[in-house]
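Structure first, then comments.
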Amino acid sequence: MQELNRLLENVLPKGSEFEIYHLKSPSREINGFRNQKFKRYDAVIKCSHFLAIAYNGKIFFAIDVNIYFEVMNNSMSRTFFVSKADTNGFLDDKNVKISLIVETFLYYLIKLTPACYLEKVIPHSRNYKFFNNQNIITKKTTTKNGFQILSERCKPSNTYRAGIKDLAFKKFNLNNTKTFVTKISLFTRPEPHYLFTGSGNNSKKHLLSGENLLKWWLRIVDSLSKNQELFKQDENLLGTLELPGEDSGFVERRYLKQLSQHWKRGSIYGQSEDPLFEIPIFHDDPKTRFLKDLIVELKYDLFHLKDFWRELEVRQEFRSGIVVGVIGVSGMTPLVVKNQNPSELETLIAPSKAKYKQIKSYVVGEEYDEEEGAIDARDNLREIWLSFQKTNFSVTGKYVSEKNMVLKKPNEINVVTFRRKPKSDMR
Ligand code: ACO
């Protein structure tokens with residue numbers, strides 16, 4: 001059994017009380033992950049995780065991660081797309097190391113067994129005629145038939161079992177899976193806020209500049225990639241950084257030199273002369289927006305990866321002078337991962353995608369110009385967790401920092417700095 005709370009208390013400040021709200025969506029089969037024309041998988045299953053942490057009755061941090069499983073005949077790959085991580089500054093001057101929280105959460109997710117996602121998957125489409133015959137009530141059942149089915153179920157002779165509704169889900173078996181690849185993918189770009197609207201106005205919020213954010217993520221992802229519990233440390237392990245518009249020597253000297261040997265400039269989607277087929281279509285990702293434009297403009301088949309990165313540089317998200325990077329890791333998964341199930345006591349698994357979005361909206365739908373937003377978000381999450389009988393969300397931190405962080409004054413910390421382009425690029 002994997003316990004997130006036990007892991008997180010080891011990276012939260014010693015003696016302080018925190019609340020951990022971990023929400024998971026149901027797994028569902030999706031259509032588009034790579035361009036349909038070139039897909040090589042039998043099914044793609046998506047699941048989302050949302051983690052929010054509160055201190056002193058206020059949510060102060062949240063992260064959004066989507067996982068995509070590509071299931072093939074005897075191989076499987078899963079891609080962790082870190083969509084957004086954000087803070088809001090309502091931490092009452094408590095010194096919390098956000099990088100440790102992020103790394104720990106990703107470690108926890110990568111260690112979870114894929115089976116826990118693939119045993120009960122909402123299928124792409126359902127055969128409702130089949131369910132009618134099984135006396136299952138679905139959205140296609142008329143009210144009259146629904147009542148009839150319910151009254152049948154009440155009869156003593158009826159053999160209906162609650163578990164029969166599992167027929168409405170697909171199950172993917174991993175027994176024949178010989179190769180098992182894990183990928184991490186993320187796009188780094190600093191913004192005043194991502195998940196906490198208006199929090200950029202809080203002068204106590206610590207904002208990392210584009211360059212520092214990129215280095216921050218590289219440190220986290222490098223640490224995960226060299227953990228042999230998560231990735232086999234063999235020749236298949238690859239860490240990549242693409243910085244559209246920067247030359248390779250500069251990228252290596254400035255960002256990759258300090259990392260492990262398996263890092264190189266480029267992407268996990270192929271070499272510069274390769275076509276674009278390996279670039280995944282993630283939800284809410286600038287690369288995806290560009291990819292979709294290329295499909296509409298009928299340029300998708302004509303472009304190579306090098307054209308893609310070159311053209312991406314002039315897209316709005318990339319050209320504002322802020323350092324923006326695309327980080328990727330790909331490697332084989334060790335067998336040990338296959339046994340780790342999440343603890344049901346601490347994870348709230350939303351019964352549907354709509355419910356997941358609704359619960360998440362109690363955090364992302366608030367305004368964080370003032371601390372009321374952070375208080376309301378925490379109070380709402382607490383109520384929801386209790387209504388689902390999830391009472392296991394309080395932890396006491398155990399982490400003692402080696403170095404004492406000197407908190408800057410509020411007006412000094414909320415400044416995103418811009419880096420000038422290196423001289424060689426200024427033509
Ligand atoms: N005063 C001085 N230094 C501080 C302060 C402060 N108030 N807070 C943090 N620091 C220092 C830390 O000591 C640490 O320094 P070190 O690396 O030398 O040890 C460094 O800043 C990073 O601190 P963390 O606690 O790890 O992270 P931080 O609090 O800066 O949070 C985050 C990082 C979430 C990215 C934050 O900057 C933020 O909310 N940014 C806005 C949203 C954003 O841009 N998100 C990233 C999007 S990209 C993506 O999510 C894939």
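Whatever order the structure lists ligands and atoms in, that order sets their numbers, starting from 1.
Between E191 and ligand 1, an N or O atom pair is found at a separation short of 3.5 Å. Residue-to-ligand polar distances place K97 within reach of ligand 1: an N/O pair is separated by less than 3.5 Å. Polar contact check, Y194 against ligand 1: no nitrogen or oxygen pair lies under 3.5 Å apart. By the 3.5 Å distance cut-off applied to N or O atoms, S99 is counted among the residues near ligand 1. Of the polar atoms of I98, at least one N or O is found under 3.5 Å from an N or O of ligand 1, judged by distance alone.
Counting only N and O atoms by type, the side chains of S185 and T79 include no donor and acceptor under 3.5 Å apart. K94 and S16 share a donor-acceptor pair across their side chains, judged by distance under 3.5 Å alone. Counted by atom type alone, K24 and T347 present zero donor-acceptor pairs between their side chains at under 3.5 Å.
Results of the salt bridge (Lys or Arg N to Asp or Glu O under 4.0 Å) test with E29 over K171, K353, K46, K170 single out K170 as the only residue that passes.
Under a 4.0 Å heavy-atom criterion, W216 is in contact with ligand 1. Residue W217 places a heavy atom under 4.0 Å from ligand 1. Look at V96 and you'll find a heavy atom under 4.0 Å from some atom of ligand 1.
Residue H206 touches ligand 1 through backbone and side chain together, judged by heavy-atom distances below 4.0 Å. With a 4.0 Å heavy-atom cut-off, ligand 1 is reached by the side chain of K205 but not by its N, CA, C or O. Neither the backbone nor the side chain of K215 has a heavy atom within less than 4.0 Å of ligand 1.
Checked against the 6.0 Å centroid threshold, F90 and F60 do not count as a close aromatic pair.
The heavy atom nearest to atom 34 (C) of ligand 1, out of those in V82, T87, I101, is found in T87.
Applying the 4.0 Å criterion to heavy atoms of L207 picks out, from ligand 1, the atoms 37 (O), 40 (N), 41 (C).
Aromatic ring pairs are classed by plane angle as parallel below 30°, tilted from 30° to 60° and perpendicular above 60°; the pair H22 and H49 is parallel.
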